[in-house]
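Take a look at the structure below.
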Amino acid sequence: MNRPAPNEAQEPVSRVASRRRAASPIRLGEVGARRWRNFKKNRRAFWSLWLFAALFFGTLPAELVANDRPLLVRFDGDFYFPVFRFYPETAFGGIFETEAEYQEAEVRALIEEKGWMIWPLIPFRYDTVVRDLAAPAPAPPSARNWLGTDDQARDVVARLVYGFRISVLFGLTLALVSSAVGIAAGAVQGYFGGTLDLLFQRFIEIWSSLPTLYLLIILASIVTPGFWWLLGLLLLFSWMSLVGVVRAEFLRTRNFDYVRAARALGATDLSIMVRHILPNAMTAALSFLPFVLSGAITSLTALDFLGFGLPAGSPSLGELLNQGKNNLTAPWLGLSGFVVIGAMLSLLIFIGEGVRDAFDPRKIFAGAPPPEETIVRAGEAA
(Lines give C-alpha, C1' and ligand atoms only; values in the text may rest on other atoms or scores of the structure.)
Protein backbone atom coordinates (compact mmCIF):
# COMPACT_ATOMS: atom_id res chain seq x y z
CA MET A 1 0.00 0.00 0.00
CA ASN A 2 1.25 3.51 -0.84
CA ARG A 3 2.03 5.49 2.31
CA PRO A 4 2.07 9.30 2.53
CA ALA A 5 5.35 11.05 1.78
CA PRO A 6 7.46 12.17 4.80
CA ASN A 7 6.46 15.81 4.43
CA GLU A 8 2.82 14.74 4.40
CA ALA A 9 2.97 12.55 7.49
CA GLN A 10 1.89 15.31 9.91
CA GLU A 11 -0.80 16.79 7.63
CA PRO A 12 -4.49 15.87 7.89
CA VAL A 13 -5.46 13.19 5.43
CA SER A 14 -8.21 15.35 3.87
CA ARG A 15 -5.69 18.13 3.14
CA VAL A 16 -3.30 15.65 1.55
CA ALA A 17 -6.16 14.32 -0.56
CA SER A 18 -7.11 17.81 -1.73
CA ARG A 19 -3.51 18.64 -2.62
CA ARG A 20 -3.07 15.39 -4.53
CA ARG A 21 -6.33 15.94 -6.37
CA ALA A 22 -5.28 19.46 -7.42
CA ALA A 23 -1.93 18.16 -8.68
CA SER A 24 -3.42 15.30 -10.69
CA PRO A 25 -2.62 15.77 -14.40
CA ILE A 26 -5.69 13.88 -15.64
CA ARG A 27 -8.37 15.72 -13.71
CA LEU A 28 -9.28 18.12 -16.53
CA GLY A 29 -9.48 15.24 -18.99
CA GLU A 30 -11.78 13.30 -16.70
CA VAL A 31 -14.02 16.31 -16.15
CA GLY A 32 -14.21 16.98 -19.89
CA ALA A 33 -15.11 13.36 -20.59
CA ARG A 34 -17.85 13.39 -17.96
CA ARG A 35 -19.23 16.65 -19.33
CA TRP A 36 -19.44 15.09 -22.78
CA ARG A 37 -21.18 12.02 -21.34
CA ASN A 38 -23.67 14.23 -19.50
CA PHE A 39 -24.33 16.13 -22.73
CA LYS A 40 -24.93 12.86 -24.61
CA LYS A 41 -27.42 11.76 -21.96
CA ASN A 42 -29.62 14.65 -23.02
CA ARG A 43 -30.83 13.00 -26.21
CA ARG A 44 -32.71 16.07 -27.39
CA ALA A 45 -29.60 18.25 -27.15
CA PHE A 46 -27.34 15.59 -28.64
CA TRP A 47 -29.46 15.03 -31.75
CA SER A 48 -30.11 18.77 -32.06
CA LEU A 49 -26.35 19.31 -32.22
CA TRP A 50 -25.95 16.75 -35.00
CA LEU A 51 -28.94 18.09 -36.93
CA PHE A 52 -27.77 21.70 -36.66
CA ALA A 53 -24.25 20.70 -37.70
CA ALA A 54 -25.64 18.79 -40.70
CA LEU A 55 -27.73 21.78 -41.77
CA PHE A 56 -24.89 24.25 -41.30
CA PHE A 57 -22.19 22.24 -43.05
CA GLY A 58 -24.70 21.26 -45.73
CA THR A 59 -25.46 24.91 -46.54
CA LEU A 60 -21.90 26.16 -46.07
CA PRO A 61 -20.97 25.28 -49.70
CA ALA A 62 -24.25 26.85 -50.88
CA GLU A 63 -22.80 27.57 -54.33
CA LEU A 64 -22.43 23.82 -54.87
CA VAL A 65 -25.96 23.09 -53.65
CA ALA A 66 -27.96 25.87 -55.33
CA ASN A 67 -26.58 27.52 -58.45
CA ASP A 68 -27.70 28.48 -61.94
CA ARG A 69 -24.37 27.28 -63.36
CA PRO A 70 -23.42 23.62 -63.87
CA LEU A 71 -20.94 22.00 -61.53
CA LEU A 72 -19.15 20.28 -64.42
CA VAL A 73 -19.36 20.58 -68.19
CA ARG A 74 -17.87 18.08 -70.64
CA PHE A 75 -17.62 19.68 -74.09
CA ASP A 76 -15.67 18.49 -77.10
CA GLY A 77 -13.35 16.32 -74.98
CA ASP A 78 -12.54 19.07 -72.43
CA PHE A 79 -13.81 19.65 -68.89
CA TYR A 80 -15.14 23.00 -67.65
CA PHE A 81 -16.07 24.15 -64.14
CA PRO A 82 -18.53 27.04 -64.53
CA VAL A 83 -19.17 27.27 -60.78
CA PHE A 84 -15.58 28.39 -60.21
CA ARG A 85 -14.59 30.05 -63.49
CA PHE A 86 -15.94 32.42 -66.13
CA TYR A 87 -16.49 30.96 -69.59
CA PRO A 88 -17.78 32.99 -72.55
CA GLU A 89 -20.45 31.60 -74.79
CA THR A 90 -17.89 31.31 -77.62
CA ALA A 91 -16.11 28.56 -75.64
CA PHE A 92 -19.10 26.32 -76.40
CA GLY A 93 -19.60 27.35 -80.02
CA GLY A 94 -21.76 30.44 -79.44
CA ILE A 95 -21.38 33.88 -80.92
CA PHE A 96 -21.31 36.15 -77.84
CA GLU A 97 -18.22 37.02 -75.74
CA THR A 98 -20.33 37.44 -72.62
CA GLU A 99 -20.70 34.72 -70.00
CA ALA A 100 -22.69 31.75 -71.17
CA GLU A 101 -26.29 31.55 -69.97
CA TYR A 102 -26.33 27.84 -69.21
CA GLN A 103 -30.08 27.72 -68.69
CA GLU A 104 -30.82 29.16 -72.12
CA ALA A 105 -32.14 26.55 -74.55
CA GLU A 106 -29.62 27.55 -77.24
CA VAL A 107 -26.59 27.19 -74.96
CA ARG A 108 -27.85 23.88 -73.57
CA ALA A 109 -28.30 22.57 -77.10
CA LEU A 110 -24.75 23.63 -78.06
CA ILE A 111 -23.22 21.87 -75.05
CA GLU A 112 -25.34 18.71 -75.24
CA GLU A 113 -24.46 18.37 -78.93
CA LYS A 114 -20.82 17.62 -78.05
CA GLY A 115 -20.95 16.76 -74.34
CA TRP A 116 -22.99 16.87 -71.15
CA MET A 117 -23.55 18.88 -67.94
CA ILE A 118 -23.89 18.05 -64.23
CA TRP A 119 -26.20 20.46 -62.41
CA PRO A 120 -26.44 21.18 -58.66
CA LEU A 121 -29.32 19.78 -56.64
CA ILE A 122 -31.12 23.13 -56.95
CA PRO A 123 -30.47 24.74 -60.37
CA PHE A 124 -31.03 28.31 -59.10
CA ARG A 125 -29.05 30.89 -57.16
CA TYR A 126 -30.64 33.14 -54.58
CA ASP A 127 -30.84 35.96 -57.15
CA THR A 128 -31.80 33.89 -60.20
CA VAL A 129 -35.02 35.06 -61.85
CA VAL A 130 -36.99 31.97 -62.79
CA ARG A 131 -38.44 32.26 -66.28
CA ASP A 132 -41.39 30.53 -67.94
CA LEU A 133 -43.41 30.26 -64.74
CA ALA A 134 -46.78 28.57 -64.98
CA ALA A 135 -48.34 31.35 -62.86
CA PRO A 136 -47.45 34.98 -62.09
CA ALA A 137 -44.94 35.55 -59.31
CA PRO A 138 -45.14 34.65 -56.51
CA ALA A 139 -45.72 31.25 -58.08
CA PRO A 140 -46.92 28.31 -55.94
CA PRO A 141 -44.78 25.22 -55.24
CA SER A 142 -44.20 22.89 -58.17
CA ALA A 143 -41.89 20.09 -59.28
CA ARG A 144 -39.47 22.72 -60.61
CA ASN A 145 -39.68 25.10 -57.65
CA TRP A 146 -40.26 22.96 -54.58
CA LEU A 147 -41.40 25.83 -52.33
CA GLY A 148 -42.51 28.16 -55.08
CA THR A 149 -41.04 31.57 -55.90
CA ASP A 150 -41.17 34.95 -54.19
CA ASP A 151 -42.71 38.11 -55.58
CA GLN A 152 -39.63 38.71 -57.74
CA ALA A 153 -39.71 35.21 -59.29
CA ARG A 154 -36.73 33.92 -57.28
CA ASP A 155 -36.66 30.33 -56.06
CA VAL A 156 -37.58 30.11 -52.36
CA VAL A 157 -35.52 26.99 -51.61
CA ALA A 158 -32.37 28.60 -53.00
CA ARG A 159 -32.96 31.72 -50.92
CA LEU A 160 -33.51 29.59 -47.81
CA VAL A 161 -30.21 27.76 -48.35
CA TYR A 162 -28.24 30.99 -48.76
CA GLY A 163 -30.23 32.75 -46.04
CA PHE A 164 -29.60 29.98 -43.51
CA ARG A 165 -25.87 30.16 -44.20
CA ILE A 166 -25.56 33.93 -43.89
CA SER A 167 -27.73 33.99 -40.75
CA VAL A 168 -25.62 31.36 -38.96
CA LEU A 169 -22.31 32.90 -40.08
CA PHE A 170 -23.46 36.36 -39.00
CA GLY A 171 -24.73 35.02 -35.68
CA LEU A 172 -21.54 33.04 -35.00
CA THR A 173 -19.31 36.01 -35.80
CA LEU A 174 -21.35 38.39 -33.68
CA ALA A 175 -21.63 35.92 -30.79
CA LEU A 176 -17.89 35.17 -30.72
CA VAL A 177 -16.76 38.79 -30.99
CA SER A 178 -19.31 40.14 -28.52
CA SER A 179 -18.53 37.29 -26.10
CA ALA A 180 -14.81 38.06 -26.29
CA VAL A 181 -15.44 41.75 -25.55
CA GLY A 182 -17.91 40.94 -22.77
CA ILE A 183 -15.62 38.39 -21.14
CA ALA A 184 -12.70 40.85 -21.20
CA ALA A 185 -14.85 43.64 -19.72
CA GLY A 186 -16.28 41.39 -17.00
CA ALA A 187 -12.82 40.03 -16.14
CA VAL A 188 -11.36 43.51 -15.68
CA GLN A 189 -14.33 44.59 -13.57
CA GLY A 190 -14.37 41.54 -11.33
CA TYR A 191 -10.61 41.24 -10.82
CA PHE A 192 -9.76 44.84 -9.98
CA GLY A 193 -13.09 45.84 -8.41
CA GLY A 194 -13.26 49.06 -6.45
CA THR A 195 -13.71 52.35 -8.27
CA LEU A 196 -13.10 50.80 -11.70
CA ASP A 197 -15.88 48.28 -11.14
CA LEU A 198 -18.23 51.00 -9.83
CA LEU A 199 -17.67 53.32 -12.80
CA PHE A 200 -17.92 50.48 -15.31
CA GLN A 201 -21.22 49.31 -13.80
CA ARG A 202 -22.71 52.80 -14.04
CA PHE A 203 -21.59 53.01 -17.70
CA ILE A 204 -23.19 49.63 -18.48
CA GLU A 205 -26.43 50.69 -16.83
CA ILE A 206 -26.59 53.86 -18.94
CA TRP A 207 -25.51 52.10 -22.16
CA SER A 208 -27.98 49.23 -21.73
CA SER A 209 -30.87 51.65 -21.13
CA LEU A 210 -30.49 53.24 -24.58
CA PRO A 211 -33.24 52.36 -27.10
CA THR A 212 -31.17 49.88 -29.10
CA LEU A 213 -33.62 49.22 -31.92
CA TYR A 214 -34.24 52.91 -32.61
CA LEU A 215 -30.53 53.68 -32.62
CA LEU A 216 -29.86 50.81 -35.02
CA ILE A 217 -32.62 52.03 -37.34
CA ILE A 218 -31.21 55.58 -37.28
CA LEU A 219 -27.63 54.43 -37.90
CA ALA A 220 -28.73 52.01 -40.63
CA SER A 221 -30.57 54.84 -42.39
CA ILE A 222 -27.45 57.04 -42.34
CA VAL A 223 -24.95 54.49 -43.69
CA THR A 224 -25.49 51.91 -46.41
CA PRO A 225 -26.13 48.65 -44.54
CA GLY A 226 -23.83 45.73 -45.24
CA PHE A 227 -22.61 42.58 -43.51
CA TRP A 228 -19.69 44.22 -41.68
CA TRP A 229 -21.47 47.52 -41.02
CA LEU A 230 -24.41 45.67 -39.50
CA LEU A 231 -22.06 43.48 -37.48
CA GLY A 232 -20.31 46.53 -36.03
CA LEU A 233 -23.58 48.29 -35.20
CA LEU A 234 -25.00 45.26 -33.38
CA LEU A 235 -21.68 44.71 -31.58
CA LEU A 236 -22.05 48.14 -29.94
CA PHE A 237 -24.96 46.81 -27.85
CA SER A 238 -24.56 43.01 -27.76
CA TRP A 239 -21.28 42.75 -25.81
CA MET A 240 -22.99 43.23 -22.43
CA SER A 241 -24.69 39.82 -22.36
CA LEU A 242 -21.82 38.00 -20.61
CA VAL A 243 -20.35 40.83 -18.54
CA GLY A 244 -22.42 40.12 -15.44
CA VAL A 245 -21.72 36.39 -15.40
CA VAL A 246 -17.95 36.74 -15.85
CA ARG A 247 -17.74 39.66 -13.40
CA ALA A 248 -19.47 37.63 -10.69
CA GLU A 249 -17.10 34.69 -11.22
CA PHE A 250 -14.03 36.90 -11.01
CA LEU A 251 -15.34 38.65 -7.89
CA ARG A 252 -15.91 35.25 -6.27
CA THR A 253 -12.57 33.74 -7.25
CA ARG A 254 -10.08 36.59 -6.93
CA ASN A 255 -9.56 36.04 -3.16
CA PHE A 256 -9.20 32.25 -3.28
CA ASP A 257 -6.06 30.77 -1.77
CA TYR A 258 -4.51 29.64 -5.06
CA VAL A 259 -4.95 33.15 -6.49
CA ARG A 260 -3.27 34.69 -3.45
CA ALA A 261 -0.47 32.13 -3.73
CA ALA A 262 0.10 32.97 -7.40
CA ARG A 263 0.16 36.68 -6.57
CA ALA A 264 2.65 36.06 -3.73
CA LEU A 265 4.90 34.12 -6.11
CA GLY A 266 5.14 37.19 -8.35
CA ALA A 267 2.64 36.27 -11.11
CA THR A 268 1.34 39.26 -13.04
CA ASP A 269 -2.28 40.31 -12.96
CA LEU A 270 -2.74 39.30 -16.60
CA SER A 271 -1.26 35.86 -15.94
CA ILE A 272 -3.52 35.30 -12.92
CA MET A 273 -6.59 36.42 -14.83
CA VAL A 274 -5.91 34.26 -17.90
CA ARG A 275 -4.38 31.14 -16.39
CA HIS A 276 -6.06 30.81 -12.99
CA ILE A 277 -9.45 32.56 -12.97
CA LEU A 278 -10.61 32.66 -16.60
CA PRO A 279 -10.98 28.84 -16.97
CA ASN A 280 -13.54 28.88 -14.15
CA ALA A 281 -15.42 31.80 -15.71
CA MET A 282 -15.48 30.12 -19.13
CA THR A 283 -17.78 27.42 -17.76
CA ALA A 284 -20.60 29.92 -17.32
CA ALA A 285 -19.71 31.74 -20.56
CA LEU A 286 -19.87 28.56 -22.64
CA SER A 287 -23.24 27.71 -21.13
CA PHE A 288 -24.64 31.04 -22.34
CA LEU A 289 -23.00 31.00 -25.78
CA PRO A 290 -25.80 29.14 -27.68
CA PHE A 291 -28.34 31.61 -26.29
CA VAL A 292 -26.16 34.54 -27.36
CA LEU A 293 -25.98 33.01 -30.84
CA SER A 294 -29.76 32.66 -31.07
CA GLY A 295 -30.16 36.27 -29.94
CA ALA A 296 -27.75 37.48 -32.64
CA ILE A 297 -29.68 35.60 -35.34
CA THR A 298 -32.96 37.01 -34.04
CA SER A 299 -31.59 40.57 -34.17
CA LEU A 300 -30.49 40.16 -37.79
CA THR A 301 -33.86 38.66 -38.74
CA ALA A 302 -35.75 41.49 -37.05
CA LEU A 303 -33.71 44.19 -38.82
CA ASP A 304 -34.13 42.45 -42.18
CA PHE A 305 -37.87 42.17 -41.59
CA LEU A 306 -38.07 45.91 -40.92
CA GLY A 307 -35.95 46.72 -43.99
CA PHE A 308 -32.89 48.01 -42.09
CA GLY A 309 -30.72 44.91 -42.36
CA LEU A 310 -28.72 43.47 -45.22
CA PRO A 311 -28.75 45.21 -48.63
CA ALA A 312 -31.75 44.74 -50.85
CA GLY A 313 -31.63 41.48 -52.78
CA SER A 314 -29.52 39.66 -50.19
CA PRO A 315 -30.68 36.17 -49.21
CA SER A 316 -32.35 37.05 -45.94
CA LEU A 317 -34.79 35.07 -43.84
CA GLY A 318 -36.25 38.25 -42.39
CA GLU A 319 -36.85 39.65 -45.87
CA LEU A 320 -38.67 36.41 -46.77
CA LEU A 321 -40.94 36.87 -43.75
CA ASN A 322 -41.61 40.42 -44.86
CA GLN A 323 -42.61 39.13 -48.31
CA GLY A 324 -44.96 36.67 -46.63
CA LYS A 325 -46.58 39.58 -44.75
CA ASN A 326 -46.99 41.58 -47.95
CA ASN A 327 -48.29 38.61 -49.98
CA LEU A 328 -50.96 36.95 -47.87
CA THR A 329 -52.21 35.07 -50.92
CA ALA A 330 -48.85 33.25 -51.09
CA PRO A 331 -48.71 31.46 -47.70
CA TRP A 332 -45.69 29.38 -48.72
CA LEU A 333 -43.47 32.45 -48.30
CA GLY A 334 -44.28 33.15 -44.66
CA LEU A 335 -44.54 29.48 -43.72
CA SER A 336 -41.16 28.62 -45.27
CA GLY A 337 -39.38 31.44 -43.46
CA PHE A 338 -41.15 30.72 -40.18
CA VAL A 339 -40.35 26.98 -40.23
CA VAL A 340 -36.65 27.54 -41.00
CA ILE A 341 -36.18 30.27 -38.38
CA GLY A 342 -38.21 28.39 -35.78
CA ALA A 343 -36.27 25.15 -36.36
CA MET A 344 -32.93 26.97 -36.25
CA LEU A 345 -33.64 28.77 -32.97
CA SER A 346 -35.21 25.66 -31.41
CA LEU A 347 -32.13 23.59 -32.18
CA LEU A 348 -29.87 26.27 -30.67
CA ILE A 349 -32.00 26.44 -27.51
CA PHE A 350 -31.93 22.66 -27.13
CA ILE A 351 -28.14 22.65 -27.58
CA GLY A 352 -27.82 25.44 -25.02
CA GLU A 353 -29.85 23.48 -22.48
CA GLY A 354 -27.61 20.46 -23.02
CA VAL A 355 -24.44 22.51 -22.59
CA ARG A 356 -25.84 24.09 -19.43
CA ASP A 357 -26.59 20.68 -17.93
CA ALA A 358 -23.22 19.29 -19.01
CA PHE A 359 -21.37 22.06 -17.14
CA ASP A 360 -23.54 21.72 -14.05
CA PRO A 361 -21.06 20.89 -11.22
CA ARG A 362 -23.71 18.77 -9.48
CA LYS A 363 -23.72 16.34 -12.43
CA ILE A 364 -20.02 16.21 -13.30
CA PHE A 365 -19.11 13.78 -10.51
CA ALA A 366 -22.43 11.95 -10.36
CA GLY A 367 -22.16 8.20 -10.00
CA ALA A 368 -18.53 7.99 -8.82
CA PRO A 369 -17.08 8.64 -5.35
CA PRO A 370 -14.83 11.69 -5.14
CA PRO A 371 -11.09 10.88 -5.13
CA GLU A 372 -10.60 12.28 -1.64
CA GLU A 373 -12.94 9.63 -0.18
CA THR A 374 -10.75 6.89 -1.59
CA ILE A 375 -7.61 8.47 -0.11
CA VAL A 376 -9.27 9.01 3.30
CA ARG A 377 -10.35 5.36 3.44
CA ALA A 378 -6.86 4.24 2.50
CA GLY A 379 -5.40 6.41 5.29
CA GLU A 380 -7.82 4.99 7.83
CA ALA A 381 -6.91 1.44 6.76
CA ALA A 382 -3.22 2.27 7.24
Side-chain angles (χ1 to χ4, degrees), residues 14-15 18-19 21-24 27-28 31-32 35 171-216 219 231-296 299 352 355-365 372:
S14 59
R15 186 180 302 174
S18 300
R19 194 152 56 83
R21 181 184 60 175
S24 176
R27 288 290 299 172
L28 290 178
V31 171
R35 284 172 177 168
L172 280 174
T173 306
L174 180 60
L176 293 177
V177 177
S178 62
S179 298
V181 176
I183 289 172
V188 172
Q189 278 187 257
Y191 182 79
F192 292 102
T195 304
L196 178 64
D197 182 31
L198 183 64
L199 294 177
F200 218 132
Q201 281 296 104
R202 302 292 81 77
F203 169 76
I204 290 179
E205 290 174 0
I206 296 173
W207 193 252
S208 61
S209 63
L210 295 176
T212 305
L213 182 60
Y214 293 129
L215 289 176
L216 289 174
L219 293 174
L231 183 68
L233 294 178
L234 288 175
L235 180 60
L236 291 176
F237 303 98
S238 61
W239 59 271
M240 295 175 288
S241 55
L242 293 179
V243 172
V245 177
V246 178
R247 170 180 173 270
E249 187 65 28
F250 270 74
L251 282 172
R252 184 181 70 89
T253 313
R254 65 176 182 169
N255 291 322
F256 280 7
D257 291 340
Y258 68 89
V259 175
R260 292 181 177 180
R263 190 180 294 114
L265 291 174
T268 62
D269 291 333
L270 181 61
S271 176
I272 294 174
M273 293 169 64
V274 174
R275 298 183 58 187
H276 300 285
I277 306 181
L278 185 59
N280 297 324
M282 287 302 296
T283 298
L286 289 175
S287 301
F288 275 90
L289 191 58
F291 303 101
V292 176
L293 174 58
S294 61
S299 300
V355 173
R356 181 192 60 196
D357 294 341
F359 280 90
D360 189 346
R362 295 171 298 180
K363 299 181 180 180
I364 292 177
F365 299 102
E372 57 265 30

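Because the structure is a prediction, the values reported are computed rather than measured. Atom set for the values below is all heavy atoms of this structure, side chains included, hydrogens, waters and symmetry mates excluded.
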Quick one: does any side-chain atom of Ser238 pair with a main-chain N or O of Leu234 as donor and acceptor, under 3.5 Å?
yes
Thr253 (side chain) donor-acceptor with Phe250 (main chain) under 3.5 angstrom:
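Pair absent, no side-chain N/O of Thr253 close to backbone of Phe250.
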Worked verdict on Trp239 versus Ile204 for side-chain contact (heavy atoms from CB on, under 4.5 Å):
CA-CA 10 Å; Trp239 59 271; Ile204 290 179; 4.1 Å; yes
[X] [atom1] to [Y] [atom2] distance, which is reported to the nearest 0.5 Å:
X: Leu174; Y: Leu235; atom1: CG; atom2: CG; answer: 6.5 Å
X: Ser178; Y: Met240; atom1: OG; atom2: CE; answer: 10.5 Å
X: Tyr191; Y: Ile277; atom1: OH; atom2: CD1; answer: 6.0 Å
X: Arg260; Y: Asp257; atom1: CZ; atom2: CG; answer: 6.5 Å

Decide yes or no for [X] and [Y]: does some side-chain heavy atom of the first lie under 4.5 Å from some side-chain heavy atom of the second?
X: Phe200; Y: Val243; answer: no
X: Arg247; Y: Asp197; answer: yes
X: Leu196; Y: Gln189; answer: no

Restricting to non-hydrogen atoms, name the atom on [X] and the atom on [Y] that form the minimum distance, rounded to 0.1 Å.
X: Ala262; Y: His276; answer: CB-NE2, 3.9 Å
X: Ala285; Y: Ile183; answer: CB-CD1, 3.9 Å
X: Val246; Y: Gly186; answer: CG1-C, 3.9 Å

Would Val355 and Leu289 count as a side-chain contact (heavy atoms from CB on, under 4.5 Å) here? Give the steps.
CA-CA 9 Å; Val355 173; Leu289 191 58; over 6 Å; no
Parallel under 30°, tilted from 30 to 60°, perpendicular over 60°: which one fits the rings of Phe256 and Tyr258?
perpendicular
Chi angles and distances behind the side-chain contact (heavy atoms from CB on, under 4.5 Å) call for Met273, Leu278:
CA-CA 6 Å; Met273 293 169 64; Leu278 185 59; 6.0 Å; no
Run the side-chain contact (heavy atoms from CB on, under 4.5 Å) test on Arg202 and Leu199 for me, step by step, so that the C-alpha distance in whole Å, both residues' side-chain angles and the decisive distance to 0.1 Å come before the verdict.
CA-CA 5 Å; Arg202 302 292 81 77; Leu199 294 177; 5.6 Å; no
